[in-house]
Amino acid sequence: MSTPWLTPEQLAALAPELQAYLAREFDVELGGFDAQFVLGFVADKIAPLAYKRGIADAQKVVAERFERLQDDLWQLERPAE
């Protein structure tokens, strides 16, 4: 399974964790290829939402910092003589 969100190396590293979790929590045995496929599917569905949330969070932080910078600049402004 190819996904733009996870590299093949990341899929291979995460697959055993998913396999262990499913075996432990649900008594489900999943092969390595199937685990990578599931991870790719979930990543393709969730990653765009997480990405959009991250962008929104970053925009909020930048807006707050810009507002503080604007306040600081207003404080530095001197009245015309």
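None of the values given here were measured: they were computed from a predicted structure. Just so you know, these numbers use all the heavy atoms, side chains as well, and skip hydrogens, waters and symmetry mates.
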Nearest heavy-atom pair of [X] and [Y]: which atoms, and what distance?
| X | Y | result |
| --- | --- | --- |
| Gly32 | Ala15 | O-CB, 4.1 Å |
| Ala43 | Thr3 | CB-OG1, 4.3 Å |
| Glu29 | Ala23 | OE2-CB, 3.9 Å |
| Gln10 | Leu6 | OE1-CA, 3.3 Å |

*asked:* Using a 3.5 Å distance criterion without hydrogens, assess whether the side chain of Gln19 forms a donor-acceptor pair with backbone atoms of Leu30.
replied: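 Here the side-chain-to-backbone pair exists.
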*Ignoring hydrogens and angles, tell me if any N or O in the side chain of Glu77 forms a donor-acceptor pair with the backbone of Trp74 under 3.5 Å.*
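A pair under 3.5 Å: no.
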*Among pairs that include at least one residue of residues 54-73, which meet side-chain hydrogen bond (donor to acceptor under 3.5 Å, both in side chains), considering only residues two or more places apart or in two chains?*
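Passing the test, one end in residues 54-73: Arg53-Asp57.
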Applying a strict under-4.5 Å side-chain criterion to I, L, V, M, F, W and Y, I'd like to know whether [X] and [Y] cluster together.
| X | Y | value |
| --- | --- | --- |
| Val42 | Leu22 | yes |
| Val28 | Phe41 | yes |
| Ile55 | Ile46 | no |

*About how many Å separate CG of Leu39 and CH2 of Trp5, when rounded to the nearest 0.5 Å?*
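Nearest 0.5 Å value for the CH2-CG distance: 16.0 Å.
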*Determine whether Leu14 and Leu18 make a side-chain contact, defined as any pair of heavy atoms from C-beta on separated by less than 4.5 Å.*
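Answer no - side chains too far apart.
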*On the 0 to 90° scale, with breaks at 30° and 60°, tag the Tyr21-Phe26 ring pair as parallel, tilted or perpendicular.*
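Answer is perpendicular, since the angle exceeds 60°.
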